[in-house]
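Read the structure below first, then the notes.
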Number of protein chains: 2
Amino acid sequence: MQDSSPAAETPKPSRIQRRNRKRILDAALEVFSQYGFRGATLDQIATEAGLSKPNILYYFSGKEEIHVTLLNALMDTWLDPLRKIDPEGDPLEELLQYVHRKLEMSREFPRESRLFANEIIHGAPRMGPDLETVLKPLLEQSATMIDGWVAEGRIAPVDPRHLIFSIWATTQHYADFDAQLQVLMEGQDVLEGASAYLDTLYRRLLTP
Amino acid sequence: MQDSSPAAETPKPSRIQRRNRKRILDAALEVFSQYGFRGATLDQIATEAGLSKPNILYYFSGKEEIHVTLLNALMDTWLDPLRKIDPEGDPLEELLQYVHRKLEMSREFPRESRLFANEIIHGAPRMGPDLETVLKPLLEQSATMIDGWVAEGRIAPVDPRHLIFSIWATTQHYADFDAQLQVLMEGQDVLEGASAYLDTLYRRLLTP
DNA sequence: TGGCTTTTTTACCATTTGGTCAAGTTACGA
DNA sequence: TCGTAACTTGACCAAATGGTAAAAAAGCCA
């Protein structure tokens, strides 16, 4: 065994390792998404996870590593809906489905959305590489696909990148600005209305 | 003089008071918008303002008060474009103008936008009251106005609240997620394209 | 059960940070 | 120009916080 630290990779994690790393990441997601990186404390995370602070540092080398781990894990889930767009499908329906999937993610994973938003707002200090190597190629690929659809006259002419940005903005808004929406729309089922509204919005934009 | 603290109100601020309070608020906006409330330190703000830390605490009773002062000052500027919508004007043009004004604010005041976004993402711990007493009534009033336009058939049927949310989301996105956009759109004039895209988006949605 | 490894805890430490205080220093009206 | 009030600063705290070390406890397997 050339590495005694369990924070290292590969040497097949034990049952306890898996359980506790999961607990820690769950707790960290809760705390980081609520208070931001600087605002969150290891003690908070420890309490939330039901572990002691030194115990947490047995599984992760530090606060930073927990945060980065969360961010990396997030990226995949986050871009999944975009990857799922079928270039062979009906353009309008594919794009609308993308909108609805993204909105659904805001409902199901608001903490992840806020974690991500927080990171970007603060200048993406820990995501620069991922943005460049993962997000950008996918955006370019998707833009090309959409441009193709436009060229074929199957959807109305539109700037594909700004289209995608606006979908990100409008859907994630419901997770990231939830506190505001709770005040403004007290009680009402916000996501229900959002779904109908966004459907109309993008249907009208994209219908040739 | 029943209150020696200059952080108190009314007793007409001196020239130096005005200058230094402004310096501090400018510096604090820069620092808070970049690092968030917890992430910002008084020392950073002091350095940025060119003052000593104790000197800053001579003008403001604490970190919190600086932050709240910024947030309050922000609210007015922020809602100005919404207030400027003319109920007597042409509905479509008024709403499109609103979109463009909001986008312009993202260009001119990105720090303010991020400060606000940060506050909301973290649950609006210092803005609850303002949201309720200032934002909500204005939203309701605007929604009523838009509903009126819809009823008169002057714009297409639309949920006025979600319309406004989507305008906030799409325009502020360009300020709040600037770090991401810089990576994805390196070099290009992002706001230029955004303006054209959003014009099309909302024109198509709202044209009866 | 004994012996080894993995996991957990107790007791600390060093730094950072918001904030205080009392002693200066500067501005300004009489 | 002199005295008072306004302003500024250096020297400190106390609490919070990320992190460490070493010993104790719990698992695990022969």
Side-chain angles (χ1 to χ4, degrees), chain A residues 1-25 27-28 30-32 34-70 122 125-126, chain B residues 1-25 27-28 30-32 34-70 122 125-126:
Chain A
M1 194 175 300
Q2 76 276 35
D3 192 338
S4 66
S5 159
E9 45 333 285
T10 39
K12 58 175 176 183
S14 73
R15 186 176 44 86
I16 295 177
Q17 291 248 351
R18 273 196 305 279
R19 172 171 55 86
N20 282 354
R21 280 184 66 101
K22 185 172 184 316
R23 276 187 190 172
I24 292 168
L25 290 174
E30 181 70 28
V31 178
F32 279 138
Q34 205 167 135
Y35 301 97
F37 180 74
R38 276 291 306 269
T41 74
L42 283 177
D43 280 302
Q44 273 178 295
I45 297 173
T47 302
E48 181 83 22
L51 299 171
S52 68
K53 184 169 63 173
N55 202 3
I56 281 188
L57 292 166
Y58 172 75
Y59 292 100
F60 290 91
S61 67
K63 192 181 175 183
E64 179 106 11
E65 200 200 308
I66 303 178
H67 196 248
V68 169
T69 302
L70 279 176
H122 292 7
R126 292 163 242 274
Chain B
M1 193 175 300
Q2 75 276 35
D3 192 341
S4 64
S5 160
E9 43 336 283
T10 40
K12 58 172 175 182
S14 72
R15 186 176 44 87
I16 295 177
Q17 291 248 349
R18 272 197 306 279
R19 172 172 54 86
N20 282 353
R21 279 183 68 100
K22 185 173 184 316
R23 278 187 189 171
I24 292 168
L25 290 174
E30 181 70 28
V31 177
F32 278 138
Q34 205 167 133
Y35 302 98
F37 181 75
R38 276 291 307 268
T41 74
L42 283 178
D43 280 301
Q44 274 178 294
I45 297 174
T47 302
E48 181 84 21
L51 300 171
S52 68
K53 185 168 64 173
N55 202 5
I56 281 187
L57 292 167
Y58 173 74
Y59 290 100
F60 291 90
S61 66
K63 191 181 176 183
E64 179 106 11
E65 200 201 307
I66 303 178
H67 197 248
V68 169
T69 302
L70 278 176
H122 292 12
R126 292 163 243 276

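Per chain, numbering begins at 1; letters A, B, ... match sequence-line order. All values reported here derive from a predicted model rather than from experimental measurement.
- Between B/G62 and B/L57, the closest heavy-atom pair is CA-CD2, 3.8 Å.
- Residue B/L25 comes nearest to B/L70 through the heavy atom pair O-CD2, 3.6 Å, listed as atom of the first residue, atom of the second, then distance.
- When the side-chain nitrogen and oxygen atoms of B/N20 are compared with OP1 and OP2 of D/dT8, one or more of them lie within a distance under 4.0 Å.
- At a threshold of 4.5 Å between non-hydrogen side-chain atoms, the residues A/H122 and A/F37 do not count as touching.
- OP1 or OP2 of C/dT9 lies within a sub-4.0 Å distance of a side-chain N or O belonging to A/S52.
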Using atom names, set out every protein N or O paired with an N or O of nucleotides 16-19 of chain D below 3.5 Å, distance rounded to 0.1 Å.
residue: D/dT17; atom: OP1; partner: B/R38; partner atom: NH2; Å: 3.3
residue: D/dG18; atom: OP1; partner: A/A40; partner atom: O; Å: 3.3
residue: D/dG18; atom: OP1; partner: A/K63; partner atom: NZ; Å: 2.9
residue: D/dG18; atom: OP2; partner: A/L42; partner atom: N; Å: 2.8
residue: D/dG18; atom: N7; partner: A/K53; partner atom: NZ; Å: 3.0
residue: D/dG19; atom: OP2; partner: A/K63; partner atom: N; Å: 2.9
residue: D/dG19; atom: O6; partner: A/K53; partner atom: NZ; Å: 3.4

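- One finds a side-chain N or O of A/Q17 lying less than 4.0 angstrom from the OP1 or OP2 phosphate oxygen of C/dT7.
- The nearest whole Å value for the distance from the OH atom in A/Y59 to the P atom in D/dT20 is 17 Å.
- When all heavy atoms of B/A40 and B/V31 are compared, the pair lying nearest together is CB-CG1, 3.4 Å.
- We find that CD1 of B/I24 is positioned 11 Å from P of D/dC7, with the value rounded to whole Å.
- Of all non-hydrogen atoms in A/S52 and A/A46, the two that sit nearest each other are C-CB, 4.0 Å.
- Geometrically, A/R38 does not engage B/Y35 in a cation-pi contact, judged by NZ or CZ lying under 6.0 Å from the ring centre and within 45° of the ring axis.
- For A/N55 and C/dT10, the shortest distance from a side-chain N or O to OP1 or OP2 is not below 4.0 Å.
- Contact check, B/Y58 against D/dC7: a side-chain N or O comes under 4.0 Å of OP1 or OP2.
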